[in-house]
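When a residue number appears, it is its place in the shown sequence, counting from 1.
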Amino acid sequence: MTLRPKPAPQPNIRRITRKDKPALIKILRSTPEFKPFEVAVAEELINASLDDPCSSEYYILVADVLGVPAGYICYGPTPVTLGTWDIYWEAVARECQGQGVGRALMAAALKEIKETGGRLAVIETSGIPSYEKTRRYYAGLGFETVARIPDFYAPGDDQLILVKRL
Ligand SMILES: CC(C)(COP(=O)(O)OP(=O)(O)OC[C@H]1O[C@@H](n2cnc3c(N)ncnc32)[C@H](O)[C@@H]1OP(=O)(O)O)[C@@H](O)C(=O)NCCC(=O)NCCS
């Protein structure tokens, strides 16, 4: 008899609630790619979304795996554009990475963006080596690197602009 690996449980994608915040902050804090000040900014966006879910410029979807938040994605319409949306943040708990949670979150966000009339999704990310895996992940999801601003985040830390037409 051959033993097959158990398929990973399907994530349930839903809107954020206030109860999710501690779990999401824990995920952000234990993600080595994120510096403490980045975690602080990510937390501000979570707060903005929770405090004003109806008119917030920040939309958040959470992925539950077996009833526990395993990751989230934060996105919103880019001000002064027609149909362009920013994907601000995405993070999946380390123990849940590589099981399709990130892809499911991105697919749900892009579907919602498209249904609201969005036509372009934009991601700003770093060009440093520790983001190489993340860049490959985005490339696999069909995002194309269209620009690079040298030394944007810090000397030697370029900003890459990735886009996907919807
Ligand atoms: C980037 C991240 C959100 C991806 O989420 P994930 O749940 O691990 O990714 P998935 O399992 O859904 O993978 C989706 C696809 O990307 C590929 N992929 C995932 N991680 C990858 C990597 N490190 N390198 C290359 N491809 C990768 C998978 O093979 C999969 O492709 P497939 O569907 O064709 O098999 C997650 O790894 C993460 O939180 N990383 C740290 C934080 C971060 O960099 N966030 C983004 C910047 S804000």
Side-chain angles (χ1 to χ4, degrees), residues 11-18 20-21 24-25 27-29 31 33-64 69-92 97 100-166:
N12 172 40
I13 311 292
R14 56 168 177 80
R15 294 214 176 279
I16 189 172
T17 70
R18 229 165 245 291
D20 296 318
K21 193 177 155 189
L24 301 189
I25 300 299
I27 291 171
L28 287 164
R29 288 195 182 140
T31 298
E33 286 86 349
F34 299 146
K35 302 185 186 86
F37 73 88
E38 293 172 319
V39 173
V41 173
E43 185 171 354
E44 276 175 31
L45 304 195
I46 292 172
N47 288 338
S49 177
L50 287 170
D51 290 346
D52 197 356
C54 294
S55 65
S56 165
E57 293 302 290
Y58 304 109
Y59 296 70
I60 294 183
L61 295 176
V62 172
D64 276 338
Y72 82 102
I73 188 164
C74 175
Y75 53 100
T78 312
V80 298
T81 68
L82 197 62
T84 298
W85 285 62
D86 277 301
I87 310 288
Y88 293 111
W89 232 277
E90 187 176 17
V92 172
Q97 290 181 7
V101 176
R103 178 182 277 279
L105 280 165
M106 184 65 81
L110 295 180
K111 180 170 180 280
E112 189 176 288
I113 291 171
K114 195 168 177 183
E115 283 170 1
T116 355
R119 59 183 175 84
L120 202 64
V122 177
I123 295 172
E124 295 170 7
T125 192
S126 164
I128 57 175
S130 60
Y131 272 81
E132 170 59 29
K133 289 193 295 185
T134 304
R135 290 193 295 274
R136 276 192 281 134
Y137 163 75
Y138 287 135
L141 296 185
F143 282 86
E144 187 192 348
T145 305
V146 295
R148 171 187 287 264
I149 304 177
D151 302 324
F152 181 86
Y153 294 110
D157 187 351
D158 300 351
Q159 183 192 61
L160 304 184
I161 299 177
L162 320 181
V163 301
K164 182 177 165 86
R165 289 191 182 274
L166 306 176

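- Contact check for Ile46 versus Ile25: side-chain heavy atoms found under the 4.5 Å cut-off.
- Heavy atoms only, all atoms of each residue included: Asp20 and Thr17 are closest at OD2-N, 2.8 Å.
- For the pair Ala108 and Leu61, the tightest heavy-atom approach, listed with the atom from each and the gap, is CB-CD1, 3.8 Å.
- Applying the 6.0 Å contact sphere to CZ of Arg29 captures no more than 12 heavy atoms from other residues, nucleotides or ligands.
- Using the six-membered ring where Trp is involved, Trp85 and Tyr59 have ring planes that are tilted, between 30° and 60° apart.
- Between the Ser49 side chain and the Leu45 main chain, no donor and acceptor come within less than 3.5 Å of each other.
- Interatomic distance, Tyr75 OH to Ile60 CD1, rounded to the nearest 0.5 Å: 9.5 Å.
- Between the CG atom in Leu160 and the CZ atom in Arg148 there is a gap of 4.5 Å [rounded to 0.5 Å].
- Here Tyr153 contributes atom OH and Thr125 contributes atom OG1; the two are 6.0 Å apart, rounded to the nearest 0.5 Å.
- Panel note: side chain Thr78, backbone Thr84; a donor-acceptor pair is recorded below 3.5 Å.
- Remark: Arg103 engages no residue in a side chain to side chain donor-acceptor pair (under 3.5 Å) (not counting sequence neighbours).
- Atoms CD and OG, on Glu38 and Ser126 in that order, are 8.0 Å from each other to the nearest 0.5 Å.
- A heavy-atom distance below 4.5 Å is found between the side chains of Tyr138 and Glu90.
- In this structure, Lys21 NZ and Leu28 CG are separated by 11.0 Å, a value rounded to the nearest 0.5 Å.
- Residues forming a salt bridge (Lys or Arg N to Asp or Glu O under 4.0 Å) with Glu112 (at least two apart in sequence, or on another chain): Arg15.
- Proximity of Arg135 to Leu162: side-chain heavy atoms (C-beta onward) are nowhere separated by under 4.5 Å.
- With sequence neighbours excluded, no residue forms a salt bridge (Lys or Arg N to Asp or Glu O under 4.0 Å) with Glu57.
- The heavy-atom pair separating Asp158 from Asp151 by the smallest distance is OD1-N, 2.9 Å.
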- Message: Evaluate Arg165 against Glu144 for salt bridge (Lys or Arg N to Asp or Glu O under 4.0 Å), listing each step before the verdict.
- Response: CA-CA 9 Å; Arg165 289 191 182 274; Glu144 187 192 348; over 6 Å; no
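- A 4.5 Å side-chain heavy-atom check between Tyr131 and Asp157 finds every atom pair outside the cut-off.
- Atom CZ of Phe143 is separated from atom CD1 of Ile87 by 5.0 Å, given to the nearest 0.5 angstrom.
- The minimum heavy-atom distance linking Pro11 with Gly100 is given by the pair CG-O, 4.5 Å.
- Of all non-hydrogen atoms in Pro69 and Leu24, the two that sit nearest each other are CB-CD2, 4.2 Å.
- Nearest heavy-atom pair, Lys164 versus Leu141, reported as atom, atom and distance to 0.1 Å: NZ-O, 3.0 Å.
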